[in-house]
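A quick write-up on the structure given underneath.
Reckoned from all heavy atoms, side chains included, excluding hydrogens, waters and symmetry mates.
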Amino acid sequence: MERRRIRGPIQTTIRLGILATVGLGLTLGLGLGLALGGGCKAKDSERKRGATGSADSKKDQMSAEAPKAEGADDRVASSPTTPRKRSRARGRGALSGLTLRSNRPAMGATRPQPAPARAGGRIRARRFADLRVVAGRKIPHMVFKHWGVNPTIDTEEAHVSTFGADVDTASYTLARSYLRRNVMPPEAAIRVEEFINAFDYRYKPPRGKHAVGVLLDVLPSPNRKGYHVLRIGIVGRTIAKGRRKPAHLVFVIDASATMARQRRLRLVKRSLRLLVNQLKRTDRVAIVAFDTRARVVLPPTAGHLKGKILQAISSLKAQGAASAQPGLELGFRLAAQGSRHHVRRVILCSDGVANNGVTSASAVLKAVKKHVDRGVTLSAVGFGMGYYNDRLMEQLARAANGNYHYVDRLSQAKRIFVERLTSTLQVVARDVKLQVSFDKRAVSRYRLLGYESRMIKGRAFRKRRTPAGELGAGESITALYEVKLKPLAARRSLGKVRVRYKHPGSHTEQRLQASMPRANGRRSFAKGSTATQLAVMVAAFAEKLRGSYWARNLTYARILTGLKAIGTSGPMATRAQVAALRELIGRASRLDKRGDKFAQYLPLSHMTFDRVPVLR
């Protein structure tokens with residue numbers, strides 16, 4: 001009994017102690033949990049505020065559609081890092097009315113899902129940079145720069161459009177080389193104006209005092225509802241093959257190890273042999289080769305000594321690194337030594353892989369700028385697929401006011417160095433600039449297709465020293481505008497086209513002006529000129545390849561349908577070009593698996609042809 005009396009209170013005390021301990025633990029645990037929960041909530045709020053602030057700070061980060069966000073180097077789909085100002089009329093590579101906000105969440109936050117598309121409203125979306133899709137396998141180490149996509153501009157905001165001439169064709173040939181390997185070309189590789197200018201539109205050359213002529217045409221757009229297509233053709237005066245000026249040519253040959261790939265140097269040699277066979281006795285040729293160092297392989301030699309020139313070409317071997325800067329410097333110095341009565345031109349043959357010494361186009365051109373200012377011109381000719389730098393080659397030609405072509409096979413070399421030799425060598429107009437002034441009473445909106453890298457500020461058009469492209473004998477430049485007309489447009493001119501250029505060897509600007517025709521609303525696209533129809537279809541193909549917002553409603557089948565009539569009614573040369581183009585379009589149709597990257601944010605049925613919707 002005594003033990004029970006003692007044990008009872010002890011057990012009760014122990015039990016009460018245990019209960020108290022448990023209760024205290026629960027209280028402390030609950031308090032600690034609330035404190036931690038509050039802290040986490042505060043931190044979470046901070047993260048949310050940070051994410052929102054980050055998104056707001058990137059409000060106008062992107063310019064243009066998806067392509068611009070893909071960066072200069074197409075090998076990496078990187079997101080942009082520089083803030084974007086709101087779209088301006090003269091802004092390069094911007095889309096009118098397009099603003100994209102980043103919804104990329106802060107670390108630890110949940111990625112917001114895009115809201116359903118709403119017609120005419122603001123659409124919540126991820127950046128288009130995340131939507132990049134590439135069909136097929138990629139060809140390694142191809143470097144491109146994306147210049148964006150021109151906006152649609154309201155004439156009340158800016159009614160003047162200014163750009164420099166461009167006769168380059170490399171982008172079209174590169175895309176052809178991709179497609180013939182059953183690979184979709186990167187969007188950054190597509191420059192619309194180079195597709196358009198790769199075709200012969202059989203323009204009539206000028207006969208008056210001017211070295212260039214202007215040809216204009218207006219047709220209803222087959223693709224963009226409510227719009228017309230304005231075609232502007234600039235053509236240079238023709239010069240008979242036997243009457244061209246004597247040439248002082250310097251071949252600057254890339255003889256580095258990368259030129260051994262795919263027998264590139266062999267194709268260079270075969271191409272140059274075609275050119276040498278076209279030389280006259282009065283022409284002079286020098287050869288500079290560069291690998292780890294630059295050297296003169298052949299000093300200036302008379303054109304009739306073909307055996308000596310061909311022997312020097314045959315002696316070239318691929319080895320070492322690529323020192324492009326000293327090679328070009330040496331080539332320009334040799335070209336500058338030629339007589340001013342000669343056409344002094346450097347012809348660079350390379351894959352653009354400059355991996356030794358100075359490798360940027362701006363640094364290379366800085367060293368040879370004095371020679372460019374004195375009339376030495378540059379033709380950049382690219383060779384090779386894989387380990388190829390299109391960006392460097394294009395920038396070299398643009399900075400030197402020259403031309404840029406790409407050779408993927410011997411027939412293309414024949415076209416450049418044999419069929420178009422006089423155009424390649426004989427410049428009839430340099431620093432060619434175009435300015436289109438739309439009449440605001442006739443045109444409400446307009447958009448220039450391509451020429452994103454050639455845009456010029458309006459006031460620079462009037463400056464004599466503003467550099468621009470050159471135009472060879474018989475060469476032509478074509479530019480297309482999509483214009484939305486006002487109701488009374490058929491009664492008045494659409495505006496004026498102004499051209500400024502200089503004669504070779506002169507610093508005096510020549511001026512030319514033409515009035516744009518009135519639009520004829522009853523005229524159909526199918527009844528328009530063959531040249532305009534072909535240019536529009538070529539541009540549509542390029543827009544489709546580069547994933548342009550304005551080509552969303554286009555299919556490859558529609559482009560092929562638009563080409564059918566052209567192939568049977570045009571001259572034989574045009575028919576052959578159209579047949580080759582149709583084959584490429586068929587390949588692209590089979591390879592293109594990208595789909596409509598804008599569909600999840602704006603259904604095609606709600607697409608507006610006036611402006612790109614604002615994306616949030």
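Here the side chains of L348 and M393 are in contact, with some heavy-atom distance below 4.5 Å. In this structure, the side chains of Q435 and V160 come closer than 4.5 Å at one or more pairs of heavy atoms. At a threshold of 4.5 Å between non-hydrogen side-chain atoms, the residues N197 and T478 count as touching. The shortest side-chain heavy-atom distance between L485 and V443 falls under the 4.5 Å cut-off. Taking 4.5 Å as the limit, some side-chain heavy atom of L396 sits within range of a side-chain heavy atom of L328. Looking at heavy atoms from C-beta onward, V536 lies in side-chain contact with T532 at the 4.5 angstrom threshold. No side-chain heavy atom of P205 sits under 4.5 Å from any side-chain heavy atom of R237. Residues M607 and Y549 form a side-chain contact, since some pair of their non-hydrogen atoms from C-beta on lies under 4.5 Å apart.
For the side-chain contact (heavy atoms from CB on, under 4.5 Å) with L560, the qualifying choice from I585, L581, T555 is I585, the only one to do so. With respect to Y404, the side-chain hydrogen bond (donor to acceptor under 3.5 Å, both in side chains) criterion is satisfied by exactly one of T169, D168, D390: D390. Looking at R430, R345, K502 one by one, the single match for salt bridge (Lys or Arg N to Asp or Glu O under 4.0 Å) with E470 turns out to be R345.
Across every non-hydrogen atom of A380 and A397, the tightest pair is CB-CB, 4.2 Å. Of all non-hydrogen atoms in V229 and P222, the two that sit nearest each other are CG2-CD, 4.5 Å. Taking all atoms of both residues into account, the shortest heavy-atom contact from G458 to T162 is CA-OG1, 4.0 Å. The shortest heavy-atom contact between V235 and G474 is CG2-O, 4.5 Å. A460 and I456 get closest at one heavy-atom pair: CB-CG2, 3.5 Å. Nearest approach of D217 to S529, heavy atoms of both residues: OD2-OG, 3.1 Å.
A salt bridge does not link R391 to E394: none of the charged side-chain nitrogens sits closer than 4.0 Å to a carboxylate oxygen. Contact check on E193 versus R398 returns no salt bridge, with no Lys/Arg side-chain nitrogen under 4.0 Å from an Asp/Glu carboxylate oxygen.
Within the model, atoms CZ of R552 and CG of D596 stand 4.0 Å from one another, a figure rounded to the nearest 0.5 Å. A distance of 13.5 Å separates CD1 of I559 from NZ of K564, quoted to the nearest 0.5 Å. With rounding to the nearest 0.5 Å, the separation of OG1 in T530 from CZ in R202 is 11.5 Å. Note: M537 CE to N223 CG = 7.5 Å, rounded to the nearest 0.5 Å. With values rounded to the nearest 0.5 angstrom, L471 atom CG is found 4.5 Å from I477 atom CD1. Rounding to the nearest 0.5 angstrom, the gap separating the OG atom in S548 from the CD1 atom in I190 is 12.0 Å.
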(message) L545 vs F195, test: side-chain contact (heavy atoms from CB on, under 4.5 Å). Steps then yes/no.
(response) CA-CA 11 Å; L545 287 178; F195 270 62; 3.9 Å; yes

(request) Test side-chain contact (heavy atoms from CB on, under 4.5 Å) on L230 and F438 and set out the steps. (result) CA-CA 11 Å; L230 167 66; F438 290 101; 4.0 Å; yes

(request) Show your reasoning for whether side-chain contact (heavy atoms from CB on, under 4.5 Å) applies to K486 and D439. (result) CA-CA 10 Å; K486 291 186 175 180; D439 187 338; over 6 Å; no

(request) Just do the side-chain contact (heavy atoms from CB on, under 4.5 Å) check on F332 and L378 with the steps written out, would you? (result) CA-CA 9 Å; F332 270 92; L378 172 70; 4.1 Å; yes

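At least one donor-acceptor pair closer than 3.5 Å links the side chain of Q426 to the backbone N or O of K245. Between the side chain of S423 and the main chain of A473, a donor-acceptor pair closer than 3.5 Å is present. Checked by atom type and distance alone, the side chain of N401 never pairs as donor or acceptor with a backbone atom of G469 at under 3.5 Å. Of the possible polar contacts, none joining the S221 side chain to the Y227 backbone as a donor-acceptor pair under 3.5 Å is found. The backbone N or O of G450 sits nowhere less than 3.5 Å from a side-chain atom of R191 that would complete a donor-acceptor pair. Panel note: side chain T424, backbone I416; a donor-acceptor pair is recorded below 3.5 Å. Under the 3.5 Å distance criterion, the side-chain polar atoms of R344 are matched with a main-chain donor or acceptor of R374. Distance alone, capped at 3.5 Å, places no donor-acceptor pair between the N403 side chain and the S379 backbone. Of the possible donor and acceptor atoms, one in the side chain of Q533 sits under 3.5 Å from a partner among the backbone N and O of G528. A donor-acceptor pair under 3.5 Å is formed between the side chain of E452 and the backbone N or O of N150.
When the salt bridge (charged side-chain N to carboxylate O under 4.0 Å, His left out) test is applied to R445, the partners found at least two apart in sequence or on another chain are D610. For E509, the salt bridge (charged side-chain N to carboxylate O under 4.0 Å, His left out) criterion is met by K433, R500, not counting sequence neighbours.
Taking the six-membered ring where tryptophan is involved, the planes of Y481 and F163 are tilted, since the angle between them lies from 30° to 60°. Using the six-membered ring where Trp is involved, Y201 and Y203 have ring planes that are parallel, under 30° apart on the 30 and 60° scheme.
The side-chain tip of R224 points at the ring of W550 from less than 6.0 angstrom away and within 45° of straight on.
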